[in-house]
Asker: 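Let me give you the structure first, and then I'll get to my questions.
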Amino acid sequence: MPDNARSALQEPPVRRQVHDIPSSLIRDVANYGMGLRHDGAEITPLWFGESDLATPGFIRDAAKASLEEGETFYSQNLGIPPLRAALAKYLTELYGVAIAEQRVSVTSSGMSAIMLIMETLIDPGDNVVIAGPVWPNCRDAVNIMGGETRFANVALEDDRWQLDLDRMFALVDDRTRAIFVNSPNNPTGWMMTVEEQRAVLDFCRARGLWVIADEVYDRIVYDRPHAPTFLQIAEPDDAVIAINSFSKSWCMTGWRLGWLVGPPRLSQEFGKIIEFNWSCAPVFVQRAGVAALQGGEEFVAWARDYYRQGRDLVHQRLAGNARVRIARPEAAFYAFFGVEGMTDSVAFAKQLIDRGGVGLAPGAAFAGGGEGFLRLCFASAPETLSAALDRLEEALG
Ligand SMILES: Cc1ncc(COP(=O)(O)O)c(C=O)c1O
């Protein structure tokens with residue numbers, strides 16, 4: 001074909017929903033900072049949502065042993081039976097309510113659990129009502145399926161993040177399929193109360209809606225063993241799906257392992273759709289998951305204390321700054337703070353890299369109203385945080 005004929009042809013299209021997904025503004029800022037780091041600049045990266053702790057050795061050992069055993073084959077779509085059984089036992093003991101193994105589906109991360117749910121529930125034109133600001137991937141997973149998102153604002157009032165439930169319920173119409181709540185929340189550290197969860201559950205029961213609860217930070221909470229969970233108040237047959245992950249509680253972000261719990265009738269549907277995504281999580285990674293559940297409580301408690309030190313340090317220092325508006329994070333490992341006079345959080349975050357050598361996530365990156373804020377992940381060593389705060393305070397003026 002002559003070259004001019006080739007250029008006259010149109011590029012074959014990709015789906016509009018895929019084309020329209022915005023690129024991540026956290027990545028935009030991080031790429032900027034990593035480029036400068038590469039050229040030798042000293043920058044403390046607090047932009048991503050992960051701790052500076054590596055996965056505990058006993059969990060890594062379980063994966064190694066599995067590989068040594070030659071466990072390198074396909075496995076069940078819904079997860080290997082020992083992991084589903086270990087998850088059912090772990091959740092039953094932790095929450096004090098019976099969670100049957102048949103309700104558990106193993107996923108290849110919390111993110112893929114979210115995507116799996118949207119693939120299973122959302123038709124084009126459906127909408128999902130979401131409490132925001134929230135991690136943007138929750139919104140984009142709905143959009144990829146041709147759905148729409150509506151945001152109920154969790155607002156910082158009187159030094160607390162608060163959700164107006166009535167305003168959230170008013171967003172529901174006859175195309176609403178689900179209410180999505182991420183609690184404990186990324187980025188705000190807000191945690192929904194049991195009473196609020198009951199109100200959401202009652203509303204969804206009455207209106208025939210799904211409750212999708214992203215509970216990946218349920219063990220990173222500072223005044224109790226776990227955050228309030230929809231699984232404790234729902235009946236097994238309720239239209240409630242709880243998402244969770246090994247990433248945050250056991251410092252396993254790079255392993256890509258998660259799970260979800262739903263009504264028993266849904267497991268079969270999830271199994272079908274898992275086949276067309278990751279088909280099954282790698283067996284040696286699942287074995288590592290079993291080890292985390294069976295031997296990880298000491299580590300979970302230790303990591304919580306480590307993050308608590310970071311939380312207290314960051315909150316105390318930032319709350320003392322006249323330009324900053326901040327609530328004490330109740331859970332998760334983020335400080336989400338407003339900066340007086342800041343109107344473009346992406347440009348501001350890049351300036352902080354230039355002037356202070358500190359890498360934060362811009363509030364504009366989050367879905368449902370984060371502009372005017374910055375997110376600092378405090379899951380790092382106190383010395384690292386303290387040095388970063390010195391430079392941050394200087395740059396903030
Ligand atoms: C709210 C929320 N949900 C889900 C995830 C997904 O975690 P992963 O895919 O690593 O399991 C994250 C990760 O940052 C998150 O912040």
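Residues take their numbers from the sequence shown, with the count starting at 1. Because only heavy atoms are used, hydrogens play no part in the values below, and waters and symmetry mates are left out as well, while side chains stay in. First listed ligand is number 1; within each ligand, the first listed atom is number 1. Everything quoted here is computed from the prediction, not taken from an experiment.
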Asker: Ring centres under 6.0 Å, that's the criterion: do Y334 and Y217 meet it?
Answerer: yes
Asker: Going by salt bridge (Lys or Arg N to Asp or Glu O under 4.0 Å), D238 matches just one of R205, R103, R198. Which one?
Answerer: R205
Asker: With sequence neighbours left out, write down each residue that passes salt bridge (Lys or Arg N to Asp or Glu O under 4.0 Å) with D312, or none if nothing qualifies.
Answerer: R328
Asker: Please confirm whether F58 and F299 have ring centers closer than 6.0 angstrom.
Answerer: no
Asker: Considering only heavy atoms, which protein residues lie less than 4.0 Å from any atom of ligand 1?
Answerer: S109, G110, M111, W135, N182, N186, D214, V216, Y217, S245, S247, K248, R256
Asker: Looking at every heavy atom in both L53 and C251, which two are closest together, and how far apart are they?
Answerer: O-CB, 3.7 Å
Asker: Could you tell me whether D28 and K350 make a salt bridge, using a distance below 4.0 angstrom between a side-chain N and a carboxylate O?
Answerer: yes
